[in-house]
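Step one of this worksheet: look at the structure below.
Bear in mind the structure is a predicted one, so any value in this text is a computation, not a measurement.
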Amino acid sequence: EAAAGPDVELRSRALFALGRYAEDTKLKLPTILSAMDDGESDVRKAAACAVCSLAQLAISASGRFDDSTLKELTKAVNRTTTDSSFGIYV
């Protein structure tokens, strides 16, 4: 809920928090992916960081993510590295 609210800082913090834990990734991933298109650059960056954090968790937590979730994460990580609007340079 906070990840979609009107306060930019609160949305950003909520997205960082969503990326910290692997639990319920399938449920929270749509919120994170939606935030990657937010009008605020800080929110987009927070969403990109959340995606990258979840991807790292997926690598270390083999078997905890289903194939469709892994595909969505992979697609989102690729987007963060090719779209300069996220401010992430690899």
- Message: Hydrophobic clustering (ILVMFWY, side-chain heavy atoms < 4.5 Å, transitive) - are Val51 and Leu70 grouped together?
- Response: yes
- Is there a donor-acceptor pair under 3.5 Å between the side chain of Asp24 and the backbone N or O of Leu27? no
Show me the donor-acceptor pairs, under 3.5 Å and distance only, between side chains in residues 30-39 and residues at least two apart or in other chains.
unit_1 : atom_1 : unit_2 : atom_2 : d
Asp37  : OD1    : Arg79  : NH1    : 3.3
Asp37  : OD1    : Arg79  : NH2    : 2.5
Asp38  : OD1    : Arg11  : NH2    : 3.0
Asp38  : OD1    : Glu40  : N      : 2.8
Asp38  : OD2    : Arg11  : NE     : 3.4
Asp38  : OD2    : Arg11  : NH2    : 3.3

- Message: Quick check: closest heavy atoms across Thr80 and Cys52, and the distance to 0.1 Å?
- Response: OG1-SG, 3.9 Å
- Query: Rounded to the nearest 0.5 Å, what separation is found between the NZ atom of Lys75 and the CG atom of Leu73?
  - Reply: 11.0 Å
- Item | Least distance between heavy atoms, Ala50 atom then Leu15 atom | CB-O, 3.2 Å
- Task: Specify the closest pair of heavy atoms between Ala22 and Leu54, including all atoms of both residues, with the distance to one decimal.
- Result: CA-CD2, 4.4 Å
- Rounded to the nearest 0.5 Å, what separation is found between the CD1 atom of Ile59 and the CG atom of Leu57? 9.5 Å
- Task: Applying side-chain contact (heavy atoms from CB on, under 4.5 Å), name anything that partners Lys26, two or more places apart in sequence or on another chain.
- Result: Asp66, Ser68, Thr69
